[in-house]
Every structure is written in structure tokens, then in C-alpha cells.
A.B. asks: 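The structure that follows is given in the form of C-alpha cells.
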Amino acid sequence: MAPLPILAFTATTALGRGVEAQKTALIGRRSGLQHNAFGPDDADGAPLRCWTGRVEGLEDAALPTQWAQWECRNNRLAWMALQQDALLDQLQALVDRHGADRIAIVVGTSTSSIGASEEAYRGLVPGNDGTPAFPPGLARPIVHTVHSLGDFVQQATGLRGPCITVATACSSSAKVFAQASRLIDAGIVDAALVGGVDTLCGSVLYGFNSLQLVSREPCRPFDARRDGLSLGEAGGFALLERAGAGEAMGLGLHGYGESSDAHHMSSPHPQGLGARMAMSDALARAGIEAEAVGYLNLHGTATPANDSIEAAAVAGLFPDSLHASSTKGWTGHTLGAAGIVESVFALLALRDGHLPGILNSSQPDDACGPQIRFDDATSSIRYAMNNSFGFGGNNCSLVFART
Amino acid sequence: MTTLSATIEGIGFWSEGLPDWAAACAFVRDGTLAADAPRRPAPQLLAPNERRRAPGTVAVALEVAQQACRAAGRDPATLPSVFASMHGELAITDYMCATLADQPATISPTRFHNSVHNAAAGYWTIGTGAMAPATAISAFHATFAQGLLEALVQLAAGEEAVLLVAYDGASTGPLANVSPSTGLLGAAMVLSRTEREGARRIQVMLADGMPTPPDGPLAMHARANAMAPMLPLFDSLAARDPGAALDAGRNRLLRATLFDPESPHG
């Protein structure tokens, strides 16, 4: 594919707001995971016993009143993330160049603002016909549907191109790059605001808990003793523009690869076939050999199954010299936002030459190859890759490059 | 203005009383509902016990997807797919929220993994062995139009043929008042780049404007389902009308024109 310039990128996670906060915490090896204090309470009257990567200050960051209709934790995080790193200034320049009609919004999420629906169910009131009804303050249809995120971003930015919420679980905000790239290539738009936002909610805490995938300790990706994931929340965005239209920052999307495991709803393909297909396809679309990749940000959830299967798929494709790591020990698994957050981490590695290792892990798993690196490294690299895999066997790999 | 076009190789359809596309066409022609139509789709892709247990939206999505592939004569395993649904499975959202309010630790793991918006896409790829890419999107009232657009840009990006599946189900519990949707409704199309004799073509472009309230037979029949905004296109296809304007969100339309391929001797 023709490389697609990236004009701006940003992420807000448990590590802080904006890319400098991410960079500082990555270099300082400071985790954003804390003892979970997010409800609802378990049967023992306490929040679920685990560690979570929670974004500080969301509780006090109400949306501007003109957007009260979209008010909820997820859209608060969307708005907080949008305001970092002068992304909105760059977006305004894009609007000036192309017009609001010619810029798409493609954003990903897993659970969108279901936290608002959960809240409504905790506060049901008698309705007109006597049956339980949503409390009046939460009887706002837009926050109880998947497109809450895309619709809010459209409202907040005034863009008028196609506006889509991609919801393929944990691959969502990686796939947004692929869809935006196609919309630009087909000539439907000249640029796109892509991103993803997911926030902590009861559904994911107790849902992953029911699948016995949540660790009681901070997650330990690729460690032999790993026993599950830590959940996190995050939001991030990037601006993509047709090549040659504006001033590029020297970073671009060079390839994407998408595939399906066709195996199981919540377990990865045992041979990692879908993961391997997505990575191979992304390399092919970028027109590069596996040897050219300098950093791979892995999906690396720290569940026993994911990590060994992903490591085997990586070992089957890449030379031993590859530096591959999971950054989920810093942020937790941010689900539908993982694609954009870890794309931002890959872009930072390209920009700054700091390749993160893995946090919390110290005992290598013999099942994982030499590509998996616990320690950070410094290296000037040309290509970086990001893997995001989701429930339903939905896989996406992205190749970014510095030019 | 950029236009995109494709051949409509095959169509699948399911709504109450209209269990396939032939039944939908007959209904548009003369207003008759299929006699003894099943109350719930029973997609052959699922094992009999799974057919009963599967969420309604999964059942209807798989049923219409399979119909469309059969009509197109395409092997489902080879097709990339776009699954478009405004709400996903509302009954599971109702279950999840009610259980979390009451006894969070008792959430069913199966219902949790079925709660993802790409559940139907997941079951489809598993059932057909399709390792091709699958996506799942929502765009509120513009969900179908944006799904159609994504299918067409996949063709423009080089895919030979793409499967588009659109569906929504019934809302239950307190959620039903804020996210009203009744019954099951699904439609699917296999779209391809190459012209095929006897298969109509579709061309779309984005424009400003609001959709006019639809009054076609299918649009009236299933108007209470959240995927109803797709029905003007299927009314036009069934009646062999020249096109339809679909809600593309926020005062935007996706104008779809339907036409026969040029005759090879023409």
C-alpha cells in the first residue's frame, strides 16, 4: 500500500495524559497499575480483588454542558484524550485544507459507554407503567449504544465525513487504521481521525473474571508464572492524511493485516495461525521482510494461552534479533483502546529509539522465543509493528515506519 | 464526487414472516407473508443444540449470511466480511447490566463472550472456517450505510468479493425504553467487483440531506427494528426500482443507484 502519513498522535492512560507522560513512564519503568478500587463490589462487599490501570481525574472531568447528552465515563475519557498533544490544532489545519466533509472518523471500542447502562440498572426507578425504568438523568439513548463513542467524537469535532465505531473487541482500535486507510485510498475522504477509547466497567471486570482470566497480581506478560491479565482504561487518537497533502512528521502507516482465527470465541487458535496471517499480511502490504522490523509491540495480555501462542507465531516469522515486548504491565489491557495505545507506543519507539521491555516479568517462559525482551533497549529503528487480537478470533497487525 | 460500485451477487433476508429473499420479494410484489414461516431462524451452520442456544442476533446474522453466499455461489470461507449492527445483542446487554446490579460475580462466561459486538462475526468465521478478515461496526442510524461503504471500499482496496451482513434484534428489560427495537431482522449481500450476467449492480455516493421517511412494504413491515434504516434499499431491490437514499448520519445520505450490467453485446 502507499504509505499513509501520520500528522499527530496521542494517548491518555493510567500513565497520564498525552505522549510525554507515556514516554516518561515507559523510560522510567513506572507502572500505572494499582489495587483495584473500581466497583461494583463483589459478594464480599469489596471491589474485585485485582489490579487495574485507571485514568486519574476522570471523575472530576465532566463534559462541557453543551454535550450533556453524551455525558459518561467513556466520553469523558474521549474528550480528555482528544485535548492532549495539540491534536485538535492539527485537526483544524486538516479541516482548513480539506473541509469537514472530507475527513472521516473511525474509532474503536469494546464496551463503549456500557458503564452508563450499568449505572442506570443500579438506579432503576418506577416508570410510567410501573415497570422499572432508567432514572431520568440516564434516559439518554446515545450513551446506551455502541456508537456512543463515534457520535460523541463527531459532535466534539464537527467533522462531517463518514463516522464509524468499530467494535471487534480488543482489535477494534487497530482495525480503525485499516478502515481509514481504505476510505482514503478509495477517495471517499482525504484524511481521517482514528482512535479508540475504553473505560473500566463492571462488564469487563466481572466478565473477564468469569472466564478466570484476571490475575490477582499485576499482570506478568510472558513470565513463566503469568496467571492472567490486568484490566486498564485508555483513550488515544491519531490523524492520517493522504500522502502529499500536508506537512508530514516523518511517520506513517505502511501496512495493515487483518485475519480471523476461525477457531473459538474466547481462546486463540492453538497454532497462532490467525495471528501469523495478520502479521504476514501487514508485512506484505508494507512491502518489507520480517528482518526489517525493529520493534514489535505484542498483544501480550499475560494470560497463559495468549502469550505462548503469540510468542510461537512471532518465532515462526521473525529472526531472533527482533525486539518484541508487551507494554500491558504499564497500562493494563485497555481492550478496545489497546490498538491505538500500543500503536502510539510503537510510534514513540520509532520517533525516539527507546524500545520498551516488559514490566513485572522476570522469569522467561521456555515456550517463548528469544524475540521476547524483558529489558528495555535503545536503537534507531525504521519499522515498528503492533499486534492486537480480540475475542471472536479477530486479529489485526499494523506496520508503522519512519521516513 | 467519488462513487463506488459493485455487483450484487447474492442476497439473504430474514424477518418475521419473511424467512428468505424470495419471500421478501413476493411480499413486496403482492403483500403476502410466507405461510408457516419459522418464528426464529435456524442457521444450518450451527449444530442443532447451538441453533437453539445462540443469541437471536447471531442466529439471524448467520442465516442471512449463508443465504447470500448460497445465492452468490460463493464459498463462505473465502470471503472477508463486514457485520453491521446498531446495538448488537440487546438481550445480553440487559442480562449483563441486571446481573451486575444484583450479583456481579455470577456473570456467565458464555454470555460475557457473546456480549462482544463481533459475536456474530466470530461465530460466522468459526462456523465457515473463514480466516479472511471480519469486522463489526456500528454507526447508530447510519450503521447500514457505513457498513455498505466499508464493504465497497474493501472491494476498491483489491478484494474480489465481500460479504455484508446487517442485523438487529429485540431489546428487553428496562433497556427497551431507551433502545427500542423489536423482532429479528437481518439482510446480507455478497458484493463483488466483476460484472456478472443477470446480477444487478449498485453504485453509491455520499451527499448532503436527510432520508425521507420510508414507505416501502419491507420498511413498513419491519419498521420497529433498529436495522430498519437499511430497508429502503431492499424495497428498491425487490421492486427493481432504480435506487434508494440511505441514512449516512448527521444530515448525510448514501445515495445508492441500482442498475443492470451493460449487455455484453450492447
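Model, not experiment: these values are computed from the prediction. In what follows, chains are A, B, ... by sequence order, proteins preceding strands, each numbered from 1.
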A.B. asks: Which bit of A:Thr131 is near chain B, if near means a heavy-atom gap under 4.5 Å: side chain, backbone, both or neither?
C.D. replies: neither
A.B. asks: Name the member of A:Pro162, A:Gly150, A:Pro141, A:Pro132 that forms the most heavy-atom pairs with chain B at distances under 4.5 Å.
C.D. replies: A:Pro162
A.B. asks: Where along residues 264-275 of chain A does a heavy atom come under 4.5 Å of chain B, listed by residue number?
C.D. replies: A:His264, A:Met265, A:Ser266, A:Leu273, A:Gly274
A.B. asks: Name all residues meeting the side-chain contact (heavy atoms from CB on, under 4.5 Å) criterion together with A:Ala46; count only those two or more places apart in sequence or in a different chain, and write none if there are none.
C.D. replies: A:Asp44
A.B. asks: Has the side chain of A:Thr168 got a donor or acceptor atom that lies under 3.5 Å from a matching backbone atom of B:Ala136?
C.D. replies: no
A.B. asks: Measure distances from A:Gln155 to the heavy atoms of chain B and classify the residue's part below 4.5 Å as side chain, backbone, both or neither.
C.D. replies: both
A.B. asks: Of the backbone (N, CA, C, O) and the side chain (C-beta and beyond), which part of A:Asn394 lies under 4.5 Å from a heavy atom of chain B, both, or neither?
C.D. replies: side chain
A.B. asks: Between B:Ala120, B:Ala156, B:Ser138, B:Gly122, which has the largest tally of heavy atom pairs under 4.5 Å with chain A?
C.D. replies: B:Ser138
A.B. asks: Select, from B:Gln103, B:Gln154, B:Arg111, the one with the greatest count of heavy-atom pairs under 4.5 Å involving chain A.
C.D. replies: B:Gln154
A.B. asks: With sequence neighbours left out, what residues match B:Glu50 under side-chain contact (heavy atoms from CB on, under 4.5 Å)?
C.D. replies: B:Leu46, B:Ala47, B:Arg53
A.B. asks: For chain B, which of A:Ala133, A:Gly393, A:Cys163 has the most heavy-atom pairs under 4.5 Å?
C.D. replies: A:Cys163
A.B. asks: Heavy-atom pairs under 4.5 Å with chain B: which of A:Ser210, A:Gly392, A:Ala139 has the most?
C.D. replies: A:Ser210
A.B. asks: I'd like to know which of A:Cys396, A:Ala178, A:Ser203 tops the heavy-atom pair count under 4.5 Å against chain B.
C.D. replies: A:Ser203
A.B. asks: Which bit of A:His144 is near chain B, if near means a heavy-atom gap under 4.5 Å: side chain, backbone, both or neither?
C.D. replies: both
A.B. asks: Residues of residues 99-110 of chain A under 4.5 Å from chain B (heavy atom pairs)?
C.D. replies: A:Asp101, A:Arg102
A.B. asks: I need the residue from B:Ala105, B:Gly129, B:Pro109, B:Ala134 with the largest number of non-hydrogen atom pairs under 4.5 Å to chain A.
C.D. replies: B:Pro109
A.B. asks: When heavy-atom pairs shorter than 4.5 Å are enumerated against chain A, which of B:Val116, B:Asp94, B:Thr3, B:Thr143 gives the highest number?
C.D. replies: B:Asp94
A.B. asks: Highest number of heavy-atom pairs under 4.5 Å with chain A: which of B:Leu206, B:Asn177, B:Leu175, B:Leu4?
C.D. replies: B:Leu175
A.B. asks: So for A:Leu124, is it side chain, backbone, both, or neither that comes closer than 4.5 Å to the heavy atoms of chain B?
C.D. replies: side chain
A.B. asks: Using non-hydrogen atoms only, which part of B:Ser179 is less than 4.5 Å away from chain A: side chain, backbone, both, or neither?
C.D. replies: side chain
A.B. asks: Less than 6.0 angstrom separating the ring centers of A:Phe208 and B:Phe112, yes or no?
C.D. replies: yes
